[in-house]
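See structure below.
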Amino acid sequence: YYIVYMSVEELTDQNQEYRYEIVEMREKILRLEEQIKANEKVIWKKCEHEWKYDTCGSSYDRNNYYCTECKLWRNYHMYE
């Protein structure tokens, strides 16, 4: 392996680069999740929902229906 031949300084520098990259990716994930949430709010208001019972869910689940058009769950609290 190439790692075996790297110096301690090179390895620590590489680890620092990886850490920066991880932070950037986490920030991107958070931004994308926020955008999805914003999109869902608009979709919830615009869609003419057609609800279908979710046969895969259990009877103890709160949301047993989803929209066949937009795929959101029948729970407006999730999209406020």
Straight-line distance of Lys28 NZ to Glu21 CD, nearest 0.5 Å: 11.5 Å
Would the number of heavy atoms belonging to other residues, nucleotides or ligands and lying under 6.0 Å from NZ of Lys46 be above 12? no
Interatomic spacing from CD in Glu27 to CD1 in Ile22 - rounded to 0.5 Å: 12.5 Å
Separation of Tyr53 OH from Tyr66 OH (nearest 0.5 Å): 12.0 Å
Check for a donor-acceptor pair, side chain of Glu10 on one end and backbone N or O of Ser7 on the other, with a separation under 3.5 Å. yes
Gln16, CD atom: more than 12 neighbouring heavy atoms under 6.0 Å: yes
Of the non-hydrogen atoms in Trp73 and Tyr79, which two are nearest, and what is the gap between them? N-OH, 2.9 Å
Within a reach of under 6.0 Å around CD of Glu48, are more than 12 heavy atoms found that belong to other residues, nucleotides or ligands? no
For Gln14, all residues meeting side-chain hydrogen bond (donor to acceptor under 3.5 Å, both in side chains), sequence neighbours excluded: Tyr18
Return the OH to CE distance between Tyr20 and Met25, rounded to the nearest 0.5 Å. 15.5 Å
For atom NZ of Lys37, is the number of surrounding heavy atoms from other residues, nucleotides or ligands below 6.0 Å larger than 12? yes
Compute the centroid of each ring, for Trp51 and then for Tyr65, and state whether the two points are separated by less than 6.0 Å. no
Between atom CD of Gln35 and atom CD of Glu40, what is the distance when rounded to the nearest 0.5 Å? 11.0 Å
Please name the pair of heavy atoms, one in Lys41 and one in Glu80, separated by the smallest distance, quoted to 0.1 Å. CE-O, 2.8 Å
To the nearest 0.5 Å, atom CD of Glu50 lies from atom SG of Cys70 at 10.5 Å
Applying a strict under-4.5 Å side-chain criterion to I, L, V, M, F, W and Y, I'd like to know whether Ile43 and Met78 cluster together. yes
